[in-house]
Amino acid sequence: MNQTVYPVSAEWRQRAYVDAEAYARLYAQSLSDPEGFWREQAQRLDWIRPFTQVKDTSFDEADFGIRWFADGSLNIAANCLDRHLETQGDVPAILWAGDDPAESRTITYRELHAEVCRFANVLKAKGVRRGDRVTIYMPMIPEAAMAMLACARIGAIHSVVFAGFSPESLAGRVTDCDSSVIITADEGLRGGRKIPLKANVDEALGHCTACATVIVVRRTGGPVTMVPGRDHWYHELRESVPADCPAVEMGAEDPLFILYTSGSTGKPKGVLHTTGGYLLWAALTHHVVFDYKPGEIYWCAADIGWVTGHSYIVYGPLANGATTVMFEGVPTYPDFSRFWQVVDQFGVNIFYTAPTAIRALMREGDEWVRKASRSSLRLLGSVGEPINPEAWEWYYSVVGERRCPIMDTWWQTETGGHMITPLPGAIPLKPGSASRPFFGVQPQVVDPEGRVLEGAVEGNLVIADSWPGQMRTVWGDHERFFQTYFSTYPGKYFTGDGCRRDADGDYWITGRVDDVINVSGHRMGTAEVESALVAHAKVAEAAVVGMPHDIKGQGIYAYVTLNANEEGDDALRAELVRWVRHEIGPIATPDVIQFAPALPKTRSGKIMRRILRKIAEDAVDQLGDISTLADPGVVDHLVANRHRAI
Ligand code: PRX
């Protein structure tokens, strides 16, 4: 166990908004007087109709409900744009770095405001009304953020689908929320490769009837087929609309967006976030955790297709009037120095990325980092998966030259923003620990029976009470929302994560305890990969588990039983990998496929995943009791034919 502790430096104690004393005081107040605390914090937003109610929440089945600031009204785009125009209209809102280092764009708040208004008018002209769903399937270009803000401006609900998802996955998401419009681009560009986004949309719409209109932003100029009446070029539509569009007054509890995320069972869930509480959470955490000061350049290197991009590229930073960097490319193109070149190019002060990227770059050696000055950097962030202490130390000493504190932020799509995280002026850092709860967050460690464990312990992580940024429902399935998060430990929100709390009260997230795996910081349900595999004509049965992976954190290990008379060879392996990529997308690419004549099952037919996980981890001496299996002999075959290391 890594016991290193890095105390808060004198410089950070001084400059940060929140020092140790303030953290202790504010955290205590946020729990003892949530009404007063959040009433005051919410003043950082511009309300159209001020709220009188603050917290109206219950996790109990009898009166279950989550409402914050419910009688207040506001508009998110107005909070992110209009209110900054007077004082900082000419300040860059977005600094964009293209995949090709020669390409970049600067968009001021005034320009972003005007373009969002136009985009909103385009949507209105296409019949989009308040409450309608709009799917955004876009590369990392400023128009993606504009499209999101345009929806928010007119009260439409956006559903961003990561551009790496397959047409099949896109179709499922469009159908689930019944989107009337898809906004896409001709092609995306990543690492020098083109991604046929519009062609994917065409294929997706072959599978579903929901969507009537496709708006296409021109990115590469590559060839696309436009279906008359359905498909329109954005650059043409925008010519015919005014650059002025009033921001619609939205209730604090009106929906802002849906974002699909994987769970342990079934299809991905449409996580729904609403307006007031979400924006407050994104803005406040961005302000306090990154200690964002006016004029600083802030870069979150996530994709807007994930919640990190929603909260920490778009909504949090823009609500705070920050300059947010948007990066189209990948960390390894044109070479392993790209991140640090962009840091120098824009003078980035705050940099936020995922452990998987850090590990991938660490492997390539320090020279790539040292090629760039990085002298502008003053704070680093990590998100998406547990960061191993070795990667933390490298990030700290090589990238940040031991002067930049690292904020290891634990949170989830469901939580809207940071939940457990250090604060740079307040909380000493321990490599690998997300450390302390943010204001208003009440983490508890429970045992499998739900007993709350005190002191230094390990168990499952729950949150005992509501916080403003919490998701409000699963789109179209409120019962599933309750069942998924509030029924395992009645009266508490169950995170799906395991964690350890040390004697100082610092939290160490140990990873998912359900059938969700975290591949390169991306959440993947094992059930999703299994159902993709069994959809193949030659597959009879499949069981998927996570396996340790040096770069990705976890890899995907699939046990596949073929139909009678099928031969499991390398050609079929390659075919199945292609098949899963086609069904879900490249992020679901299996790392290992082991053909198995049979899977270990209990006498009642339940697959013993515990055994499969241990074999995938190569921990075959820890299989435990296998005597309850219907046919214990199955295990010997699996062990003998296991794949050892990747
Ligand atoms: O297991 C935790 C892990 O990522 C999960 C949430 O994934 P997602 O909803 O896709 O959101 C990712 C971006 C917030 C969590 O249940 N996770 C996220 N951040 C951390 C983490 N695990 C450990 N440390 C973190 N900092």
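Values below: all heavy atoms of this structure, side chains included; hydrogens, waters and symmetry mates excluded. Read the numbers this way: they start at 1 and go in the same order the structure lists the ligands and their atoms.
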Please could you name the atoms of ligand 1 that [X] approaches to less than 4.0 Å, counting only its heavy atoms?
{"X": "N518", "value": "3 (C), 4 (O)"}
{"X": "D408", "value": "24 (N), 25 (C), 26 (N)"}
{"X": "I509", "value": "22 (N), 23 (C)"}

Electrostatic pair [X]:[Y] at N-O distance under 4.0 angstrom:
{"X": "D506", "Y": "R501", "answer": "no"}
{"X": "D408", "Y": "K430", "answer": "no"}
{"X": "E253", "Y": "R472", "answer": "yes"}
{"X": "R374", "Y": "E401", "answer": "yes"}
{"X": "R609", "Y": "E530", "answer": "yes"}

Nearest neighbour in protein (non-hydrogen) for [atom]:
{"atom": "atom 1 (O) of ligand 1", "value": "D497 OD1, 2.6 Å"}
{"atom": "atom 6 (C) of ligand 1", "value": "W411 O, 3.7 Å"}
{"atom": "atom 24 (N) of ligand 1", "value": "E385 O, 3.3 Å"}
{"atom": "atom 23 (C) of ligand 1", "value": "P386 N, 3.1 Å"}

query = How about D591 and Y557: does a side-chain donor come under 3.5 Å of a side-chain acceptor?
reply = no
Below the 3.5 angstrom mark, is there an N/O of [X], backbone or side chain, next to an N/O of ligand 1?
{"X": "T308", "value": "no"}
{"X": "R512", "value": "yes"}
{"X": "T495", "value": "no"}
{"X": "V383", "value": "no"}

remark   = Within the 4.0 Å heavy-atom cut-off, what T409 brings close to ligand 1 is backbone
Of the choices [options], which has the non-hydrogen atom that lies closest to [atom]?
{"atom": "atom 10 (O) of ligand 1", "options": "Q412, M524, R523", "answer": "R523"}
{"atom": "atom 12 (C) of ligand 1", "options": "A434, G553, G384, A354", "answer": "G384"}
{"atom": "atom 11 (O) of ligand 1", "options": "V271, T413, I420, V513", "answer": "T413"}

key: Test log, rule side-chain hydrogen bond (donor to acceptor under 3.5 Å, both in side chains), inputs E414 and Y485   = CA-CA 10 Å; E414 293 88 337; Y485 301 103; 2.7 Å; yes
key: Residue among V516, V474, V271 satisfying side chain to side chain contact (heavy atoms under 4.5 Å, CB included) with T261   = V271
ask   = What class does the angle between the rings of W467 and W281 fall in, given that below 30° is parallel, 30 to 60° is tilted and above 60° is perpendicular?
value = tilted
request  = Report yes or no: is the cationic atom of R173 (NZ for Lys, CZ for Arg) closer than 6.0 Å to the six-membered ring centre of F165, at no more than 45° off its axis?
outcome  = yes
